[in-house]
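Chain naming here is simple, since letters A, B, ... match the order of the sequence lines and numbering starts at 1 in each. No experiment lies behind these values; they were computed from the predicted model shown.
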Amino acid sequence: MIQPLRGMKDLTFEESDRFVHIVKTAITVARSYGYNYIETPILEETALFKRSVGDSSDIVTKEMYQFEDKGGNDVCMRPEGTAGIVRAFVSAKLDRQPMKQKFYYYGPMFRYERPQKGRLRAFHQFGCESFGEASVYEDFTVIVMIGQIFDALGIGYDLLINSLGCQDCMPAYREKLVGFLTTIRSDLCEDCNRRISTNPIRVLDCKNEHCQAHLTDSPKLIHALCDSCDTDFNTLTALLDKAEIRYTVDTNLVRGLDYYNKTAFEFVSNEIGSQSAIAGGGRYDKLVEYLDGKPTPGIGFALGIERIMALVQMPRKQREGYYMGAMVPEAIDILLRLASRKRLEDKVTVEYNSKGFKSHMKGADKAHARYALLIGEDELANGTVWLKDLETKEEQSIRIDAL
RNA sequence: GUGGAUGUAGUUCAGUUGGUAGAGCACCUGUUUGUGGCACAGGUUGUCGCGGGUUCGAGCCCCGUCAUCCACCCCA
């Protein structure tokens with residue numbers, strides 16, 4: 001028997017129902033904020049992710065499904081959604097249009113990691129990207145929107161926010177941080193020592209307790225922001241306060257993708273184990289430029305559908321539609337005709353085997369049908385059908401042409 | 001990539017000191033060949049993850065391998 005690949009899962013029945021429910025809910029909310037659906041290829045040129053997600057990020061250095069295709073191109077399966085959307089945005093020359101553009105997407109992402117609870121190699125994200133809006137009000141709006149999706153799904157969350165600064169304040173801060181880190185270099189773990197030169201910001205959220213103990217006195221970016229970034233961050237927190245959205249400022253929140261700047265946020269749940277991030281995102285004002293477009297500010301987020309599935313309770317299934325069965329073989333033709341008519345307006349299950357009454361009743365119950373519609377000898381002779389509402393238990397005989 | 005636990009029926013699991021497999025649920029049939037969910041009776045289902053080794057004999061012991069789960073790491 002052929003099994004699915006490691007870290008990849010088939011979703012059926014109750015699980016796929018929950019998957020669809022989450023996507024539908026997210027789409028409904030996103031559309032109400034003016035987002036339109038965008039579909040982009042799963043396979044992209046490897047260079048796209050190196051340039052956007054970042055050459056030094058874990059995602060790019062060790063987690064990509066990367067290979068050479070039959071034409072000799074260096075390609076990979078998308079490990080995240082934003083890069084492809086931005087590439088599509090630039091490819092379509094939408095960066096030349098003055099109007100603001102908002103897109104939502106959902107689909108599979110691939111990362112070659114060790115599977116764990118809430119971490120698959122093929123997993124699904126729903127995400128939104130908003131282009132052309134530099135205002136911090138958009139940052140606020142995006143956060144509100146995510147909260148609204150979670151509220152609609154009936155799940156709780158904690159919100160973490162941070163500011164990563166911009167071109168003006170980040171480089172100076174970075175230099176200051178490298179200076180500090182160099183002084184405590186010998187107390188830091190191997191990874192952190194490497195990060196000092198490759199990506200010093202990531203040292204801040206190192207999970208190593210020993211490192212964290214030495215980092216308490218590290219310079220905080222939040223205290224080194226330029227006026228514009230500082231003002232925006234204060235505006236954001238004020239807006240959240242006014243809207244009564246609870247949040248925690250986490251100065252160590254560093255998104256693992258290099259393209260983020262200014263506002264960064266993460267939604268976490270404490271009910272699903274160690275892989276607790278259920279949504280994350282932030283602003284990426286330079287990304288369009290990195291990918292050869294005209295300077296265009298952007299902000300977006302993605303939510304992990306499988307992780308959210310673990311939190312969502314589906315409403316109990318109601319009985320619906322018809323179960324049709326015959327107790328004499330000659331009646332099945334009639335049922336088929338009835339079924340195609342009824343299917344224009346309702347769900348219909350037809351049992352093709354003629355069998356006993358009781359067996360049909362059990363079948364109707366199993367099919368979770370609202371109505372059992374049966375034809376036996378008497379009905380066939382009279383040109384009627386026997387119909388029972390399995391919820392109210394009412395039953396009646398109806399002429400076939402009256403249905 | 002590192003560490004720990006686990007792989008036995010469709011599913012959840014039991015299987016005592018090694019003696020050729022069992023339970024609940026599910027499924028099928030029946031308990032009035034025209035009344036479902038409940039109850040009762042009966043029944044079906046297994047290369048005991050895979051490969052090798054030890055042994056008269058392995059689900060059980062040993063080695064390898066693959067997979068799953070959990071944690072680290074990383075992130076959605």
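Looking at E63(A), its side chain has no donor and acceptor atom pair within 3.5 Å of the base of C73(B). At a cut-off of 3.5 angstrom, counting only N and O atoms as typed in the model, there is a donor on one side and an acceptor on the other between the side-chain of R111(A) and the base of A76(B). Side chain Q3(A) to base G49(B): no donor-acceptor pair is found below 3.5 Å. If you check distances only, the side chain of R114(A) never reaches the base of C70(B) with a donor-acceptor pair under 3.5 Å. With hydrogens and angles ignored, a donor-acceptor pair under 3.5 angstrom links the side chain of R307(A) to the base of C75(B).
Atom pair I149(A):CD1 and A76(B):P shows a separation of 16 Å (rounding to whole Å applied). Atom CD in Q116(A) sits roughly 10 Å away from atom P in C73(B) (whole-Å rounding). Per the geometry, CE belonging to M109(A) stands 9 Å off C1' belonging to A76(B), to the nearest Å. Rounded to whole Å, the distance from CZ on R119(A) to C1' on C75(B) is 8 Å. Rounded to a whole Å, the CG atom of L390(A) is 14 Å from the P atom of U35(B). Rounded to whole Å, atom C1' of A76(B) lies 13 Å from atom CZ of F19(A). R121(A) has its CZ atom 11 Å from the P atom of C69(B), to the nearest Å.
Between Y65(A) and F110(A), the ring-plane angle classifies as perpendicular under the 30° and 60° cut-offs.
Distances were taken from every side-chain heavy atom of P115(A) (C-beta onward) to each of C69(B), U35(B), A71(B); the shortest belongs to C69(B). Each of A71(B), C70(B), C75(B) was ranked by its minimum atom distance to the side chain of L257(A); first place goes to C75(B). In the set U35(B), C74(B), A76(B), the nucleotide with an atom closest to the side chain of A277(A) is A76(B). With A67(B), G34(B), A76(B) as the candidates, the nucleotide lying closest to the side chain of R6(A) is A67(B).
Note: F19(A) and H124(A) meet the aromatic proximity criterion, with ring centroids under 6.0 Å apart.
Comparing the C1' positions of U6(B) and C60(B) gives a spacing of 15 Å, expressed to the nearest Å. A gap of 32 Å separates the C1' atoms of C25(B) and A71(B), to the nearest Å. Straight-line distance between the P atoms of G1(B) and G59(B): roughly 33 Å, to the nearest whole Å. Rounded to the nearest Å, the gap between the C1' atom of G18(B) and that of C61(B) is 8 Å. If you take atom P in A67(B) and the same atom in C28(B), they sit 35 Å apart, rounded to whole Å. Rounded to whole Å, the separation between the P atoms of C13(B) and C70(B) comes to 13 Å. Separation of the C1' atoms belonging to G4(B) and C27(B) is 37 Å when rounded to the nearest angstrom.
Of the residues listed (T46(A), D292(A), D258(A)), the one engaging R51(A) in a side-chain hydrogen bond (donor to acceptor under 3.5 Å, both in side chains) is D292(A), and it is the only one. Only one option out of R283(A), E138(A), K100(A), K102(A) pairs with S130(A) in a side-chain hydrogen bond (donor to acceptor under 3.5 Å, both in side chains); it is E138(A). When the options D139(A), D232(A), N162(A) are evaluated for a side-chain hydrogen bond (donor to acceptor under 3.5 Å, both in side chains) with K262(A), the one that passes is D232(A).
Nearest heavy-atom pair, I305(A) versus Q125(A), reported as atom, atom and distance to 0.1 Å: CD1-C, 3.9 Å. Minimum interatomic distance between I59(A) and M64(A) (heavy atoms only, all atoms of both residues): O-CG, 3.2 Å. Contact between G300(A) and F265(A) at its shortest, heavy atoms only, is O-CZ, 3.9 Å. Heavy-atom minimum distance, A364(A) versus L390(A): CB-CD1, 3.9 Å.
Atom CD of E113(A) is separated from atom CD of Q275(A) by 7.5 Å, given to the nearest 0.5 angstrom.
G7(A) comes within contact range of the sugar-phosphate backbone alone, with a heavy-atom separation under 4.0 Å but no base atom that close. As judged by a 4.0 angstrom heavy-atom cut-off over every strand, L120(A) is placed among the base-contacting residues. Within 4.0 Å (heavy atoms only), G118(A) reaches at least one base atom of the nucleic acid.
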Dot-bracket notation for RNA chain B is requested: 5' to 3', Watson-Crick or G-U wobble pairs only, both distances under 3.5 Å, with ( ), [ ], | and . as defined. (((((((..((((.....[..)))).(((((.......))))).....(((((..]....))))))))))))....
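Within a heavy-atom distance below 4.0 Å of RNA chain B, the residues of residues 347-373 of chain A found are F357(A), K358(A), M361(A), D365(A), K366(A).
Under the stacking definition used here (centres under 5.5 Å, planes under 30°), the residue F123(A) qualifies as stacked on the base of A76(B).
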Please lay out, stage by stage, how S274(A) and Q116(A) fare under the test side chain to side chain donor-acceptor pair (under 3.5 Å). CA-CA 9 Å; S274(A) 68; Q116(A) 193 187 321; 2.9 Å; yes
